[in-house]
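Just so you know, ligand 1 is whichever comes first in the structure, and atom 1 is the first atom listed for that ligand. Just so it is clear, the model here is predicted, and its values are computed rather than measured.
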Amino acid sequence: MTSTGPTDRPLLVHCCMSQKKPVLNIAMIGYAFMGKAHSNAWRQVGHFFDLPFDIHLHTICGRNKEATDKAKEKLGWSHSVYDWHEVVNNLEIDVIDINTPNHTHAEIAIASAKAGKAILCEKPLAKNLAEAKSMLKAVEDTGVINMICHNYRRVPAVSLAKKLISEGILGNRVYHFHARYAQDWLCDDQFPMTWRLDKDTAGSGAHGDIHAHIIDLGHFLLGDFDEIVASFETFTKQRPKADNPSQLEHVTVDDAAQMIGRFKSGAMANLEATRFAQGRKNNIVFEINGEKASLRFNFEDMNRLELFEADAPKSNQGFKSIIATESSHPYSGRYWPPGHVLGYEHTFINTIADFVSAIESKQNPSPSFADGLKVQAVLEAAEKSWKERAWIKI
Ligand SMILES: NC(=O)c1ccc[n+]([C@@H]2O[C@H](COP(=O)([O-])OP(=O)(O)OC[C@H]3O[C@@H](n4cnc5c(N)ncnc54)[C@H](O)[C@@H]3O)[C@@H](O)[C@H]2O)c1
C-alpha cells in the first residue's frame, strides 16, 4: 500500500485563507521526560528556523486523564486524549511523536504508518530487532516520513565533528573510536523499580537506553560496525517496588554494558554504557584518533569540540578547544551570537527542525527508522555475544 504523505493532501481542514503557510498538526504520545523536551522543541522550533509549516501542538496523549490534562496546560497543547488510538485515527493529525516506553513503540508506530502519519519515534527504535524490522517494513510499505530521535547527532559540536571528518581532517585512516555514556542514577540501591529496569518494557538496560546513542554516534561519524564482542553486568539485582518499597522486585536488565569491535572501515571501537558511574550525570564522551588528527567531545561541556592536528608545528602542538557557536557551525547560526552557548533542549529543536523539513521535501531525514534498525542490530548482536561469549558479525 502506498499512502499519500501528510503533505500530499490539500491544505488541512482548519487552514484558513489568511494563513500564509499550511499548518502541521502534531500529536505527542507520552508527556513525561521526553514529552517535556519534545513539547518545548515543537513550541520553539519556528522561533529559530524558517519552517515550511506553522506548527500546531494539536493533541497530547497519556493514559491518566488528570495528569494528561495538567500536562496539556503546562506544555502548551490544544487538546488531550487518553488512548493513543484516538490520535492515530484522527484525520486532522499529520505527525505522531512517540515518547512512551520502548515496548509501546512498535505497535504505535506501525498503526501510525498505516494511518499515513509522519512519525518521530524516541530511541531505541524498539524492544528488540524483530519489532524494529516490522516497524521499518511498515514505514517502507506506506512511504511515510520517519525519524528516530538520536538527538546527540545534532549537538552543534558533534555535527561539526561530522563535517570535519567528511572533509578529511582525520586523514586516510581512522584508528580508534572510544566512546562512553555514563550516568550514576542507579548507584543508590534504594532507587525504585521503573519500566527502564524491566526487560519486558525496556528491552534492555543501559545498553538499549544509552549505549544506543553512542552506537548511533559511531554510525554517524565513522560508518557501520563489522563485528563486536560484548559484556554486561547487573550490579543491583533487586530493587524496591515503586508503590510499595517494602517489597523487592527483580531487575531484569543490565546496569552496564561494554563492547569492543571494529568498523567496516577497519577502525577499532571501544564503547561503554553505565548507570553506575558515581559523579557522572549525563557524561557522553568520545575520542576519535586518525592518521592526521584526533577529535574529542564531552557532552557535559557540549558547546566545545577538541581538535588535535598532527600537521601543526611541534613547538605549539596540542588539543585546541573549538567553541562551536559561530554562525558557520552547524545549527549554531540559528540561535545567538558567538559564545552565547546552547543547551540540551537545542538538540531536540535541531532534530525537529530537520524532521519538519523532511516532511516538506518528502525525503526521510537521518537517522531514519532504517538507521534505528542498524543500531538495534548492533544492540542485539552484543546481547548474543555476551550470551554465547563470542565475537558476532553484524
Ligand atoms: N533521546 C533521548 O536522549 C532520550 C532520553 C530519555 C528517554 N528517551 C526515550 O524516550 C522514551 C520515553 O522515555 P521517558 O524518559 O520520557 O519516559 P517517562 O517514563 O518519563 O515517560 C513515559 C511517558 O509515556 C506515558 N505512557 C506509557 N505508556 C503509555 C501508553 N500505552 N499510552 C500513552 N502513554 C503512555 C507515560 O504516562 C509517560 O508520560 C523511551 O523510549 C526512552 O528510551 C530518549
Side-chain angles (χ1 to χ4, degrees), residues 27-41 59-72 74-75 77 80-88 96-112 119-128 131-132 135 147-155 158 181 183 185 191-217 220 242 253 273 275 281-284 299 302 343-352 355 367 369 371-372 375-376 379:
M28 187 185 78
I29 309 172
Y31 53 79
F33 178 22
M34 279 305 103
K36 190 172 168 186
H38 286 224
S39 296
N40 178 63
T59 300
I60 186 170
C61 170
R63 293 160 303 170
N64 174 290
K65 182 178 182 323
E66 197 186 336
T68 310
D69 288 350
K70 202 170 155 200
K72 177 193 98 152
K74 190 162 186 194
L75 302 176
W77 294 81
S80 46
V81 297
Y82 320 108
D83 176 346
W84 62 261
H85 295 90
E86 280 192 53
V87 285
V88 167
I96 301 287
D97 181 5
I98 303 171
N99 295 284
T100 47
N102 307 344
H103 69 300
T104 63
H105 293 182
E107 192 185 3
I108 299 174
I110 292 167
S112 303
I119 308 167
L120 176 62
C121 183
E122 262 304 340
K123 50 48 58 180
L125 190 57
K127 219 173 72 170
N128 55 44
E131 278 186 4
M135 291 167 78
M147 187 178 200
I148 178 167
C149 188
H150 280 299
N151 51 304
Y152 295 108
R153 284 190 181 204
R154 287 174 167 83
V155 174
V158 174
Y181 195 149
Q183 301 179 331
W185 58 280
F191 191 95
M193 273 299 283
T194 82
W195 67 264
R196 284 187 154 81
L197 304 180
D198 179 350
K199 191 169 177 56
D200 290 341
T201 45
S204 64
H207 189 49
D209 191 23
I210 55 181
H211 233 176
H213 273 307
I214 53 176
I215 292 167
D216 180 69
L217 288 181
F220 178 54
V253 298
R275 293 159 166 172
K281 303 301 171 185
N282 198 48
N283 187 241
I284 306 170
F299 182 70
M302 64 169 273
Y344 180 58
E345 65 272 31
H346 298 95
T347 66
F348 294 95
I349 299 175
N350 297 342
T351 301
I352 280 178
F355 176 67
F369 279 20
D371 299 298
V375 172
Q376 204 87 42
L379 291 172

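- Ligand 1 places these atoms under 4.0 Å from at least one heavy atom of Cys149: 1 (N).
- Among Gly208, Ala32, Ala202, the residue whose heavy atom sits closest to atom 18 (P) of ligand 1 is Ala32.
- Nearest protein neighbour of atom 43 (O) of ligand 1, counting heavy atoms only, is Lys123 O, 2.7 Å.
- Atom 12 (C) of ligand 1 has Asn99 O, 3.3 Å as its closest protein atom, hydrogens excluded (heavy atom only).
- At least one donor-acceptor pair under 3.5 Å links the side chain of Gln376 to the backbone N or O of Ala126.
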### Task
Determine, step by step, whether Trp84 and Thr104 satisfy the side-chain contact (heavy atoms from CB on, under 4.5 Å) criterion, reporting the C-alpha distance in whole Å, the side-chain angles of both residues, the deciding distance to 0.1 Å, and the verdict.
CA-CA 10 Å; Trp84 62 261; Thr104 63; 6.0 Å; no

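- The shortest N or O to N or O distance between Glu122 and ligand 1 is below 3.5 Å.
- With Asn102, Thr351, Ile108, Asp209 as candidates, the residue nearest to atom 40 (C) of ligand 1 on a non-hydrogen basis is Asn102.
- If you check each of Phe33, Tyr344, Trp195 against atom 17 (O) of ligand 1, the one with the closest non-hydrogen atom is Trp195.
- Between Thr59 and Met28 the shortest side-chain heavy-atom distance does not fall below 4.5 Å.
- In terms of protein heavy-atom proximity, atom 39 (O) of ligand 1 is closest to Tyr31 N, 3.0 Å.
- Counting heavy atoms closer than 4.0 Å to ligand 1, residue Ile29 contributes side-chain atoms (C-beta onward) but none from N, CA, C or O.
- The shortest contact between atom 25 (C) of ligand 1 and any protein heavy atom is with Gly30 CA, 3.9 Å.
- The nearest protein atom to atom 37 (O) of ligand 1, hydrogens excluded, is given as Arg63 NH2, 3.3 Å; this is a heavy-atom distance.
- Taking the six-membered ring where tryptophan is involved, the planes of Tyr152 and Tyr344 are tilted, since the angle between them lies from 30° to 60°.
- Within the 3.5 Å criterion, the main-chain N or O of Thr347 finds no donor-acceptor partner in the side chain of Asn151.
- Inclusion of Thr104 in the set of residues having an N or O under 3.5 Å from an N or O of ligand 1 is not warranted.
- Within the 4.0 Å heavy-atom criterion, both parts of Thr100, backbone and side chain, lie near ligand 1.
- Within the 4.5 Å cutoff, side-chain heavy atoms of His346 are placed close to those of Ile349.
- Ligand 1 has at least one atom lying under 4.0 Å from a heavy atom of Pro124.
- Shown in contact with Asn151 at under 4.0 Å from a heavy atom are these atoms of ligand 1, numbered in order with element: 1 (N), 2 (C), 3 (O).
- In this structure, His105 contributes its side chain and Pro124 its backbone to a donor-acceptor pair below 3.5 Å.
- Of all atoms in ligand 1, numbered sequentially from 1 with element shown, those under 4.0 Å from a heavy atom of His105 are 41 (O).
- Checked by atom type and distance alone, the side chain of Ser204 pairs as donor or acceptor with a backbone atom of Gly208 at under 3.5 Å.
- Two rings, from Tyr181 and His211, have their centers 6.0 Å or more apart.
- Taking a cutoff of 4.0 Å between a charged side-chain nitrogen and a carboxylate oxygen, Asp209 and Lys123 qualify as a salt bridge.
- At the top of the distance list for atom 15 (O) of ligand 1, counting protein heavy atoms only, stands Arg196 NH2, 2.6 Å.
- In Met34, the parts holding a heavy atom less than 4.0 Å from any atom of ligand 1 are both the side chain and the backbone.
- Gln183 and Asn282 form a side-chain donor-acceptor contact under 3.5 Å, judged by distance and modelled atom types alone.
- The shortest side-chain heavy-atom distance between His150 and Val375 falls under the 4.5 Å cut-off.
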### Query
Checking side-chain hydrogen bond (donor to acceptor under 3.5 Å, both in side chains) for the pair Glu122/His38: CA distance, chi angles, key distance, verdict?
CA-CA 10 Å; Glu122 262 304 340; His38 286 224; 2.7 Å; yes

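- Look at His213 and you'll find a heavy atom under 4.0 Å from some atom of ligand 1.
- Contacts of His150 with ligand 1, taken as heavy-atom pairs under 4.0 Å, are absent altogether.
- Residue-ligand proximity, Pro101 to ligand 1, at heavy-atom distances under 4.0 Å covers atoms 22 (C), 24 (O), 26 (N), 27 (C), 28 (N).
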